[in-house]
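Worksheet: one structure, shown below.
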Amino acid sequence: MAETQSLIDWALRHVSIEFKQAVRPDALADLPGVTVLSWSDTTRVTLQVEGDMEGLINALSGLPLCDLETSKPSLEEVFMRYYES
């Protein structure tokens with residue numbers, strides 16, 4: 001059980017962000033461990049974050065945030081990611 005929990009904690013997070021105003025799509029593209037999954041327009045982005053979220057949080061501190069939502073992947077996604085690496 002503890003091993004399963006550590007896999008979940010290590011796993012990816014999905015982060016959906018809405019900005020108050022337009023943000024350049026490349027503003028978050030070069031952050032370590034962060035992959036841009038989609039930009040709905042220049043005010044909404046969905047990211048995949050692997051590991052520590054500190055870099056993302058620091059980058060977001062200077063941007064006009066409206067909403068931020070994080071979710072952890074399913075156990076199946078965790079195992080698939082684990083066996084890919």
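Not measured: the values here are computed from a predicted model.
Under a hydrophobic clustering in which Ile, Leu, Val, Met, Phe, Trp and Tyr are joined whenever their side-chain heavy atoms come within less than 4.5 Å, directly or via other members, Leu63 and Leu37 fall into different clusters.
Considering OG1 of Thr42 and CD of Gln21, their distance stands at 9.5 Å, rounded to 0.5 Å. Note that CD of Gln48 and CG of Leu12 are 4.5 Å apart. Values are rounded to the nearest 0.5 Å. Note: His14 NE2 to Glu69 CD = 12.0 Å, rounded to the nearest 0.5 Å.
Side-chain atoms of Met53 and Thr70, non-hydrogen and from C-beta on, do get closer than 4.5 Å to each other. Counting only heavy atoms from C-beta outward, the side chains of Leu56 and Leu28 approach each other to under 4.5 Å. In this structure the side chain of Leu47 never reaches within 4.5 angstrom of the side chain of Thr35, judged on heavy atoms. Residues Pro64 and Val23 are in side-chain contact: their nearest non-hydrogen atoms beyond the backbone lie under 4.5 Å apart. At least one side-chain heavy atom of Phe19 sits under 4.5 Å from a side-chain heavy atom of Leu60. Looking at Ile17 and Asp67, their side chains never come closer than 4.5 Å, going by heavy atoms from C-beta outward.
Taking each heavy atom of Thr46 and Ser16 in turn, the nearest pair found is OG1-OG, 4.0 Å. Heavy-atom minimum distance, Arg13 versus Gly51: NH1-O, 3.6 Å. Nearest heavy-atom pair, Ala22 versus Thr43, reported as atom, atom and distance to 0.1 Å: N-CG2, 3.7 Å.
Residues satisfying the salt bridge (charged side-chain N to carboxylate O under 4.0 Å, His left out) test with Asp26, not counting sequence neighbours, are Arg24.
Side chain of Asp41 to main chain of Arg44: a donor-acceptor pair is present (N/O by atom type, distance under 3.5 Å, no hydrogens or angles).
The number of heavy-atom neighbours closer than 6.0 Å to CG of Asp30, taken from other residues, nucleotides and ligands shown, is 12 or below.
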